[in-house]
Amino acid sequence: MNWVIANWSMIWELTLTHVQLSLPPIILGFLISLPLGWLAHRYRWSRGVLLTVSGILYAIPSLPLFVLMPSLIGTKILDPANVVIALTIYAVALLVRTIADALDAVDAGVRQSAQAVGFSTGQRFWRVEFPLAGPLMLAGIRVVSASTISLLSVGALIGVTNLGYLFTDGYNRQFPIEILTGIVGTVVIAIVFDVLLVLLGRLLMPWTRMSSKGAIRRRRAATEARELATTGGGVA
Amino acid sequence: MINFLAAFAWIFDPEHWEGPGGIPVRVLQHLGVTGLTVLIACLIAIPLGLLIGHTGKGRELAVVITGSLRALPTLGLLSLLALITLGWGFSSTSLVPAITALVVLAVPPVLAGAYGGVEAIDRQTVDAARAVGMNEWQILGKVEIPLALPLMIGGVRSAVLQTIATATVVAFLTNGPGLGRYILDGLPVRDYAQMLAGSIIIIVLALLLEGLFSLLQRAVVPRGVQATHARVDETRSRGAGDRSTSPDPELAAAETKMQTAAHRIE
């Protein structure tokens, strides 16, 4: 405990860096996956192509991908951008499938009603399909958020500073308290992000609180099954 | 491009194919560590998962355990467990610290695959098996395991991929084995060709295993279930509204789960 107090400013700084580096992959990942997920949902051929590619990308281990980045995008080996872009790739790989599934799950009757009352394709997407697919999309983003925050620490191995530094440094100094501090810090960030995402979801999708009990149960079961499928954590 | 040429030159240099630090030895170490880890994880998690799935008991606990283990940062868990096992008196050249950490990370996906696979089976199917006079062991062996096999293999597949990835990170431990050595030995001396070469080999290895598992997963689907998947596919291509029209939420949930299973098999 004394060590934590004595080194508080360093820990806090690492925490802030960790948060700063975790945000872009989550946000960019969602923005990139949305059109791709729609494309995968819309046409059979694009579904096959996109889901196969994202499956392959997700199977690539993280540390080798971090090392690959400089040659692919021309960065320096110690550039944090390598890690941020690699994590964005994982986020996209995971979210394309989730978003396609979420859009698939929108009731066909609702879709047709929207068309019947004269919504254009764009209106139908933004005002009907997108909000209705929201809860399932949110479940996917929560998985991405947790895995991004935890994977970022692997970047410490190739010299990208974040809370993962406490793991490598703690191991080299044979000092478990330091490692434990890093683990607690990472988990706390993940929990805070998760709570914020849930709150954001309630704010933007107030109807999720009013659904019938059966619908909630069904949705929860679906989310659980999906999460099981995305456990696919090839990465680490 | 120049980097990639240098990396391939490094890979095909005969000098790197010999001795204790050569590519064949490192590949075998990597696969050996992965295989041993997944084997231990299966021995622990599959019986436990089947028990949970069959009896329905301990499910909440399993969800909590698998969920929270997944949230833990791999590198942190690895370094902490390595220090703890060192404290138990294992030398740093022993594989015990690395394997212990890897097993802890590999158990959750195998467990989730096993209990999820059994749970996704329609209760009516199980009740029907009981009604025709099968005992609990027969139900488990002849109904539940075959039907759960695709999802179970899915869990093992996740565990293998995760272990291959984490086995890379294990090289950061003192004397850590495997292909990650090339990355972590190359970094301090700025030998980027070696780092890239190691990365390429690991990626190829991971993709090969991923491909192998997707074939395996397809092969183990019982014939009767293949028909169900074809129907699910058809439903999906029609617009997939049916998911929410099922009168019984439990049934809908099971359907969703089976669809998820079907997805993974695609």
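Given the structure is predicted, the values throughout are model-derived calculations rather than measurements. Every chain is numbered from 1, with letters handed out A, B, ... down the list of sequences.
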**Request:** Applying salt bridge (Lys or Arg N to Asp or Glu O under 4.0 Å), name anything that partners D194(A), two or more places apart in sequence or on another chain.
**Result:** R142(A)
**Request:** Let me see the working for Y115(B) and L111(B) under side chain to side chain contact (heavy atoms under 4.5 Å, CB included), right down to the final yes or no.
**Result:** CA-CA 6 Å; Y115(B) 80 69; L111(B) 189 66; 4.2 Å; yes
**Segment of S153(A) engaging chain B (4.5 angstrom heavy-atom cut-off)** = both
**Item:** N7(A) side chain vs M10(A) backbone, donor-acceptor pair below 3.5 Å
**Value:** no
**Message:** Between Y90(A) and S62(A) (side chain of the first, backbone of the second, donor and acceptor by atom type, cut-off under 3.5 Å), is there such a pair?
**Reply:** yes
**Item:** Close approach to chain B in residues 72-84 of chain A, criterion heavy atom under 4.5 Å
**Value:** L72(A), I77(A)
**When L65(A), L68(A), V187(A) are compared by non-hydrogen pairs under 4.5 Å with chain B, the top option** = L68(A)
**Request:** Would you mind checking which part of L173(B) comes under 4.5 Å of any heavy atom in chain A, side chain (CB onward), backbone (N, CA, C, O), both or neither?
**Result:** both
**Request:** Heavy-atom distances under 4.5 Å only: say whether F66(A) touches chain B with side chain, backbone, both or neither.
**Result:** neither
**Request:** Kindly write out the residues that satisfy salt bridge (Lys or Arg N to Asp or Glu O under 4.0 Å) with D169(A), not counting sequence neighbours, or none if the list is empty.
**Result:** R173(A)
**Heavy-atom proximity to chain A below 4.5 Å, by part of Y182(B)** = neither
**Asked** For L80(B), is it the side chain, the backbone, both, or neither that has a heavy atom closer than 4.5 Å to a heavy atom of chain A?
**Response** both
**Item:** Residue, of A159(B), G180(B), S199(B), that accumulates the most heavy atom pairs under 4.5 Å with chain A
**Value:** S199(B)
**Asked** L196(B) versus chain A, heavy atoms under 4.5 Å apart: side chain, backbone, both or neither?
**Response** both
**Request:** Spell out, as yes or no, whether a donor-acceptor pair under 3.5 Å connects the side chain of Y192(B) to the backbone of V67(A).
**Result:** yes
**Request:** Taking S46(A) for its side chain and L39(A) for its backbone only, find out whether a donor-acceptor pair lies under 3.5 Å.
**Result:** yes
**Prompt:** Taking T52(A), L180(A), L157(A), I149(A) one by one, which has the highest count of heavy-atom pairs under 4.5 Å against chain B?
**Reply:** L157(A)
**Asked** Is a side-chain donor or acceptor of S79(B) paired with a backbone partner of G76(B) at a separation under 3.5 angstrom?
**Response** yes
**Request:** Would you please indicate yes or no on a ring centroid separation below 6.0 angstrom for F172(B) and F167(A)?
**Result:** no
**Message:** Which residues pass the salt bridge (Lys or Arg N to Asp or Glu O under 4.0 Å) test with R123(B), not counting sequence neighbours?
**Reply:** none
